[in-house]
Amino acid sequence: MTRRFIRPASAVFLAVGVAAGCTTDTLEITDPDVLNVNDYATTAGATPLRLGVIQDFQNVFSGNASLESMVVVTGNVSDEMYSTDTFDDRLFPNQRAMNDNLPALDGFYRNLHRARSGATRTINVLRRVAPTPVQNIGEMYNIRGFVETFFAEAYCSGVPFSEEDGTTTEFGQPQTTAQIYTRALASFDSALASAGTDTRVQNIARIGRARVLLNQGRFDDAAAAVAAVPTSFAWVTAHSTGSGRQENGMWNALTVPNSRYAIVLPDAQGRGEGLNGIAFLTTPADPRIPWVPSTRTGFNGSSRNLPTQLKYDRTTGAVVANGIEARLIELEARVRRDNQADRDAVFAGLNNLRATATTPAMAPLPGSAPTTQAAAVSLLFEERAKWLYLTGHRLGDLRRLVRQYGRAANTVFPTGNLPAPLAGVYGNDVNLPIPFDEKNNPKATAGCLDRNP
């Protein structure tokens, strides 16, 4: 992108006109809370710079009052939620019929780049002026790796990665999805190398590496990458009531009056959104997806009696990566082996998670292990969708079902008629387009290289 973003503080310039010969010291003050560009590369500036990147990442992952976050945007394109808005930039992604000029998606794209470029800038500053503790550098590599992974999972092929140093911009070439995953894996490798003895940074990097490896189809490597991650581990964002910029975006999207999004109630056949969607809302509620009925109305004024999710409150942290995901990755590596012994082991592993990863324990899955590979994959992905509900994984998983498991897109993505009171039918998009504004990059004027999963 041609825009440059500096975090955590913007340089503020005040021009004051005074009569010739008249000066006053009252305006010549130093505000210690404001960092100018030249202040970043100092020991004092490194910490607020790093904290600013963490906040930028949290905002683009789990959101705030502005709504467009990784969790919300990808949940809207997949089957986790649908739009009750009146604006095309939220209705079209839900409909899977997007163009490259949707302002809300433009903002999401810029915010992803802001977090990525901020992490890169901070890594360079920390190496120069604050190389210890080394895990701070590893933390920045983790953030960069996750943002790169989000680009690969959410967007079409062709995202460029421009770089800037506060003075000049080096425009990036469009990257294929495969190239972006390679880039993300390198970031996570660097995170591990810079983690020192910090197990938190190590575990984040291990799960990030495994997520990329899973997307690359390297299933056994992915399982090996998370073998040391305890099931109890979790990396969560932090939210507060301090301001709209700090609150949890899913609470804002799915809980407040006149909300812009909603969760689909199952139809008479027990299906979720668009025929293929998982029925996330069950009665009694699945403990992984708590909800209650309500009389709330959506922003459009026509969507009524919207269910209220209870997973997220205004200050609830959102899981970016955890040990449950690690176990699910290991189980997917086993299901890929396509034999009954491993299908039995996967079924037992899913029941073990149900028994140990929630309090109180969940009831085991009904029946016995699937006897066909297709049924075993469907069961694993449904359990994965419920364990990882509203954590930004679902769109990537639907794309993987098409890309890695050979399923037709219209058998895994929402299809058919849009949920009432919306009118029309779902389109065929399986990812987000690159915004039109990126064409200001002279190396990326073509937009998407392709829209394949």
Side-chain angles (χ1 to χ4, degrees), residues 70-71 73-80 93 96-98 112 145-159 174-186 188 207-223 225-226 273-278 325 328-338 342 346 372-385 387-388 391-415 426-434 447-453:
M70 176 67 180
V71 177
V73 170
T74 58
N76 189 33
V77 178
S78 64
D79 58 352
E80 289 184 320
R96 297 177 52 221
M98 289 166 273
L112 280 172
F146 270 96
V147 173
E148 291 163 341
T149 302
F150 298 161
F151 272 116
E153 290 183 348
Y155 279 89
C156 64
S157 179
V159 175
Q175 302 288 296
T176 66
T177 300
Q179 287 174 321
I180 298 172
Y181 280 129
T182 298
R183 182 187 189 105
L185 189 62
F188 288 124
I207 298 171
R209 289 189 77 251
R211 183 166 174 172
V212 173
L213 292 165
L214 208 63
N215 277 296
Q216 292 178 321
R218 298 168 58 184
F219 300 96
D220 289 337
D221 290 341
V226 293
E273 184 183 359
L275 303 181
N276 298 314
I278 288 177
E325 181 181 358
L328 291 167
I329 289 169
E330 292 170 335
L331 293 176
E332 187 168 351
R334 295 207 69 169
V335 87
R336 291 287 302 188
R337 298 173 190 171
D338 192 8
D342 282 300
V346 170
T372 68
Q373 183 69 357
V377 169
S378 295
L379 176 62
L380 175 65
F381 272 77
E382 180 167 347
E383 283 291 282
R384 181 177 163 89
W387 281 114
L388 303 179
T391 61
H393 287 78
R394 184 62 174 160
L395 177 57
D397 281 353
L398 293 183
R399 294 179 69 181
R400 289 199 304 112
L401 279 168
V402 178
R403 186 174 69 249
Q404 297 174 337
Y405 291 87
R407 301 194 175 184
N410 63 3
T411 68
V412 296
F413 279 87
T415 189
Y426 288 95
N428 298 314
D429 288 347
V430 295
N431 47 44
L432 304 177
I434 299 169
C448 293
L449 300 179
D450 67 60
R451 298 297 302 275
N452 296 326

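We're numbering straight along the sequence, starting at 1. Remember, predicted model here, so these are calculated numbers, not experimental data.
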Find out whether [X] and [Y] are in side-chain contact, i.e. whether some heavy atom of one side chain is under 4.5 Å from a heavy atom of the other.
X: Ile207; Y: Val226; result: yes
X: Leu185; Y: Gln216; result: yes
X: Ser378; Y: Arg407; result: yes

_Under the salt bridge (charged side-chain N to carboxylate O under 4.0 Å, His left out) test, residues paired with Arg334 that sit two or more places apart_ = Asp342
_For Arg384, all residues meeting salt bridge (charged side-chain N to carboxylate O under 4.0 Å, His left out), sequence neighbours excluded_ = Asp397
Any chance you could measure [X], atom [atom1], to [Y], atom [atom2], to the nearest 0.5 Å?
X: Arg337; Y: Phe219; atom1: CZ; atom2: CZ; answer: 12.0 Å
X: Leu395; Y: Phe150; atom1: CG; atom2: CZ; answer: 12.0 Å
X: Glu325; Y: Trp387; atom1: CD; atom2: CH2; answer: 13.0 Å
X: Ile434; Y: Ser157; atom1: CD1; atom2: OG; answer: 7.5 Å
X: Arg218; Y: Tyr181; atom1: CZ; atom2: OH; answer: 13.5 Å
X: Cys156; Y: Asp429; atom1: SG; atom2: CG; answer: 9.5 Å

*Decide whether Asn428 and Arg96 meet the rule of one side-chain donor and one side-chain acceptor closer than 3.5 Å.*
no
*Distance-only polar pair, side chains of Tyr426 and Glu273, donor-acceptor under 3.5 Å*: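 On atom types as modelled, these side chains qualify, holding a pair under 3.5 Å.
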*asked:* Run Phe413 and Arg399 through side-chain contact (heavy atoms from CB on, under 4.5 Å) and show every step you take.
replied: CA-CA 9 Å; Phe413 279 87; Arg399 294 179 69 181; 4.1 Å; yes
Of all heavy-atom pairs between [X] and [Y], which one has the smallest distance, and what is that distance?
X: Gly277; Y: Asp79; value: CA-OD2, 3.3 Å
X: Ala152; Y: Ile180; value: CB-CG2, 3.7 Å
X: Ala154; Y: Thr74; value: CB-CG2, 4.0 Å
X: Asn452; Y: Val430; value: C-CG2, 4.2 Å
X: Cys448; Y: Pro433; value: SG-CA, 3.8 Å
X: Glu382; Y: Ile278; value: CA-CD1, 3.7 Å

*With sequence neighbours excluded, what pairs up with Phe151 under the ring pair (Phe, Tyr, Trp, His ring centres under 6.0 Å) test?*
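With neighbours one apart ignored, the set is Tyr109, His113, Tyr155, Phe161.
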Exam field: side chain [X] to backbone [Y], donor-acceptor pair closer than 3.5 Å:
X: Asn215; Y: Arg400; value: no
X: Gln373; Y: Val335; value: yes
X: Arg209; Y: Phe188; value: no
X: Gln404; Y: Leu214; value: yes

*Which one of Leu449, Val159, Thr182, Asp450 satisfies the side chain to side chain contact (heavy atoms under 4.5 Å, CB included) criterion with Thr176?*
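When Leu449, Val159, Thr182, Asp450 are each tested with Thr176, the side chain to side chain contact (heavy atoms under 4.5 Å, CB included) holds only for Leu449.
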*asked:* Before you tell me yes or no, could you show the steps for Arg394 and Leu388 under side-chain contact (heavy atoms from CB on, under 4.5 Å), namely the whole-Å CA-CA distance, both residues' side-chain angles and the distance that decides it to 0.1 Å?
replied: CA-CA 8 Å; Arg394 184 62 174 160; Leu388 303 179; over 6 Å; no
_I'd like to know whether Glu148 forms a side-chain contact (heavy atoms from CB on, under 4.5 Å) with Gln175, so could you lay out the CA-CA distance, the side-chain angles of the two residues, the decisive distance to 0.1 Å, and finally the verdict._
CA-CA 11 Å; Glu148 291 163 341; Gln175 302 288 296; over 6 Å; no
*Decide side-chain contact (heavy atoms from CB on, under 4.5 Å) for Leu213 and Ile329; before the verdict, give the C-alpha distance in whole Å, the side-chain angles of both, and the deciding distance to 0.1 Å.*
CA-CA 10 Å; Leu213 292 165; Ile329 289 169; over 6 Å; no
